[in-house]
Amino acid sequence: MASTPTVDARSGFCSSNSVFYSKRRPIPLPPNDSLDITTFISSQAHRGNVAFIDGSTGQQLTYVQLWDAVRSVASSLSDMGIRKGHVVLLLSPNSIFFPVVCLAVMSLGAIITTTNPLNTTREIAKQIADSKPVLAFTTRQLIPKLAGPIPLPIVLINDEIDAPIDNKSIVNTLGRMMANKKHDGLKSREAIIQDDTATLLYSSGTTGASKGVVSSHRNLIAMVQTVIGRFYSDDNHHQTFLCTVPMFHIYGLVAFATGLLASGSTIVVLSKFEMHDMLLSIQRNRVSYLPLVPPILVALINAADQVKAKYDLSSLRWVLSGGAPLSKEVIEGFLEKYPMVSILQGYGLTESTGIGASTDSLEESRKYGTAGLLSASMEAMIVDPDSGHPLATNKTGELWLKGPTIMKGYFSNAEATASTLDSKGWLRTGDLCYIDEDGFIFIVDRLKELIKYKGYQVPPAELEALLLTHPEIADAAVIPFPDEKVGQYPMAYVVRNAGSSLTESGVMEFVGKQVAPYKRIRRVAFIDSVPKNPSGKILRKDLIQLAASSSSSKL
Ligand SMILES: Nc1ncnc2c1ncn2[C@@H]1O[C@H](COP(=O)(O)OP(=O)(O)OP(=O)(O)O)[C@@H](O)[C@H]1O
């Protein structure tokens with residue numbers, strides 16, 4: 001008889017197979033295999049009334065209007081010949097119509113692919129060549145970005161029904177589609193099963209070329225269940241969220257275009273992040289939940305006195321941080337300035353269709369620096385990157401994840417899929433982590449970003465967190481600087497507070513006193529701001545390039 005694996009209730013670790021099991025209540029997936037994400041969300045019971053509010057114009061979409069719009073757009077798409085398996089590109093800043101497009105496309109079994117409006121025409125052309133969309137939704141301002149070698153028919157996202165169709169690529173407008181009340185097109189909708197592909201999102205490309213991540217309806221349904229479990233387990237009272245993070249990224253997509261709609265939340269949408277607009281929207285709409293990325297949190301700390309004097313933030317209860325590391329020092333700094341607000345953490349990847357671990361309560365968040373507990377039904381292994389052996393609690397190695405939200409694979413890239421997903425469904429996250437005796441995950445750094453000094457590994461995130469504790473440092477990034485003798489050494493790019501006269505040697509001494517000799521920063525440069533991507537990650541490759549060009553120009 002096979003023995004039952006013994007799982008330690010405190011850590012979730014099973015010593016017989018070295019797997020960490022989630023400590024959260026498992027979430028049963030809907031048994032009906034013939035189910036798409038849109039039907040799943042729209043069939044959830046809740047008492048919500050207003051789904052979306054445009055943060056700048058105040059325009060609202062109620063839940064009744066939202067689902068009516070989704071059906072109208074789906075029917076129009078079907079009339080245009082969009083079928084299951086077709087890829088549809090969405091190039092748009094955040095808007096209350098972004099989710100309408102996503103949900104309509106997915107309801108037909110077609111696949112939504114999104115892209116960053118800040119991408120160049122060349123980058124977008126590359127994504128188009130890879131994903132081969134048959135149609136694009138975009139705004140009038142962004143049409144020139146689709147001027148690549150493959151012309152695409154365009155649906156204009158425009159809230160005016162009678163927007164002029166004055167460009168030969170424009171085949172329709174979203175306003176006209178939403179006004180279509182016949183819904184005859186839905187009769188030719190094909191059957192969808194949970195395993196069918198729903199989204200083709202591109203990873204951020206922080207550590208290499210961006211890759212197309214294929215997620216299924218099942219992946220998204222499981223993620224919606226995770227979101228419901230995270231925010232609505234105890235009581236089902238109405239909550240208002242502010243959307244500042246981009247909806248084209250997995251973070252924004254699972255929260256604002258899918259997950260939160262299952263429980264009747266109200267979502268105030270900002271087309272882009274701007275500090276004043278964000279704060280004004282919180283005040284005006286009595287926002288209770290603010291999901292953001294770490295740089296915004298840092299900005300809120302730095303400007304705390306002016307912010308509190310100018311805006312009424314009394315409705316704000318929770319800030320959710322995700323997408324990039326958040327140090328203990330930043331958390332403490334925030335709580336000191338905003339004692340009424342609690343911070344929740346979320347950790348995930350495009351490849352895990354969103355949240356893989358999170359803190360869901362104030363008590364959990366008090367484990368400062370943690371990315372949280374594994375999401376419901378998620379399993380983890382910590383694998384020694386050198387030996388490939390799984391490790392136990394409090395040992396650092398690469399985090400592997402397995403569960404119902406893990407992607408199907410990379411699009412048209414069998415090689416990348418094989419090196420990231422193993423045959424048993426384990427996803428190699430590329431993140432260096434440990435899991436403590438209570439089951440909390442701590443992210444040390446990204447494997448690919450470790451600096452190798454004389455064979456020792458130096459995590460840049462640790463040095464960045466330390467630099468941020470300096471009272472005269474507003475922001476910092478640490479990169480590897482190539483050196484013939486030692487391989488690489490840590491170099492810091494530092495943003496000084498206004499009026500600071502901190503010197504290079506001052507920075508080096510500050511760090512040198514607090515770390516082992518191999519971790520010391522051996523080169524410093526001052527900059528005005530640290531380049532970051534929309535999910536808050538430091539664009540280290542840009543800084544590496546900058547360091548290389550400034551050192552060669554000095555030769
Ligand atoms: N709460 C968090 N704390 C620390 N790091 C986080 C957190 N959330 C996400 N991350 C980081 O973000 C990564 C996932 O990011 P994303 O899927 O946007 O693309 P990327 O990994 O940056 O891009 P690419 O794989 O193309 O380099 C995780 O592997 C992790 O390194």
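Read the numbers this way: they start at 1 and go in the same order the structure lists the ligands and their atoms. Atoms considered below: every heavy atom in the structure, side chains included; atoms not considered: hydrogens, waters and symmetry mates.
In this structure, G348 counts as a contact residue of ligand 1, since one of its heavy atoms falls inside 4.0 Å of the ligand.
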Could you list the donor-acceptor pairs under 3.5 angstrom formed between side-chain atoms of residues 330-339 and any protein atom two or more places apart in sequence or on another chain?
from : atom 1 : to   : atom 2 : distance (Å)
E332 : OE2    : K328 : NZ     : 3.4
Y338 : OH     : L300 : O      : 2.7

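Scanning the protein for heavy atoms near atom 21 (O) of ligand 1, the closest one is R446 NH2, 2.5 Å. The protein atom (non-hydrogen) at minimum distance from atom 24 (P) of ligand 1 is G205 N, 3.4 Å. Here the protein heavy atom with the shortest distance to atom 22 (O) of ligand 1 is T206 OG1, 2.4 Å. Nearest protein heavy-atom contact of atom 18 (O) of ligand 1 is S204 OG, 2.6 Å. Looking from atom 12 (O) of ligand 1 to the surrounding protein, the closest heavy atom is K537 CE, 2.8 Å.
In the vicinity of P325, heavy-atom distances shorter than 4.0 Å reach the ligand 1 atoms 3 (N), 4 (C), 5 (N). Taking a cut-off of under 4.0 Å to the non-hydrogen atoms of Q345, the atoms of ligand 1 that pass are 1 (N). Listed by number with element, the atoms of ligand 1 under 4.0 angstrom from any heavy atom of H249 are 18 (O).
Distances between N or O atoms of G323 and those of ligand 1 include at least one value under 3.5 Å. Polar contact check, T350 against ligand 1: a nitrogen or oxygen pair lies under 3.5 Å apart. Polar contact check, K211 against ligand 1: no nitrogen or oxygen pair lies under 3.5 Å apart. Backbone and side-chain nitrogen or oxygen atoms of G346 are examined, and one is located within less than 3.5 angstrom of a nitrogen or oxygen of ligand 1. Checked by distance only, ligand 1 and D431 come closer than 3.5 Å through their nitrogen or oxygen atoms.
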Test side-chain hydrogen bond (donor to acceptor under 3.5 Å, both in side chains) on T197 and K408; report intermediate values, then the result. CA-CA 8 Å; T197 300; K408 289 169 73 168; 3.2 Å; yes
Between Y202 and D130, does the side-chain hydrogen bond (donor to acceptor under 3.5 Å, both in side chains) criterion hold? Intermediate values first, please. CA-CA 10 Å; Y202 280 74; D130 191 56; 2.7 Å; yes
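Under the 4.0 Å criterion applied to side-chain N and carboxylate O atoms, D360 and R24 are assigned as salt-bridge partners. Between D436 and K367, at least one side-chain nitrogen of the basic residue sits less than 4.0 Å from a carboxylate oxygen of the acidic one, meeting the salt-bridge criterion.
Annotation: cation-pi geometry not satisfied between K395 and Y434 (NZ/CZ under 6.0 angstrom from ring centroid, within 45° of ring axis).
Judged purely by atom type and a 3.5 angstrom limit, D8 has no side-chain atom pairing as donor or acceptor with the backbone of G12.
By the neighbour-count criterion of 12 heavy atoms within 6.0 Å, atom NZ of K452 is densely surrounded, having more than that number from other residues, nucleotides or ligands.
With sequence neighbours left out, the side-chain hydrogen bond (donor to acceptor under 3.5 Å, both in side chains) criterion links T359 to S365.
Less than 6.0 angstrom separates the ring centroid of F481 from the ring centroid of Y489.
Looking at L349 against ligand 1, both its backbone and its side chain come within 4.0 Å, counting heavy atoms. Residue contacts with ligand 1 for A324 involve N, CA, C or O but no side-chain atom from C-beta outward (heavy atoms, distance under 4.0 Å).
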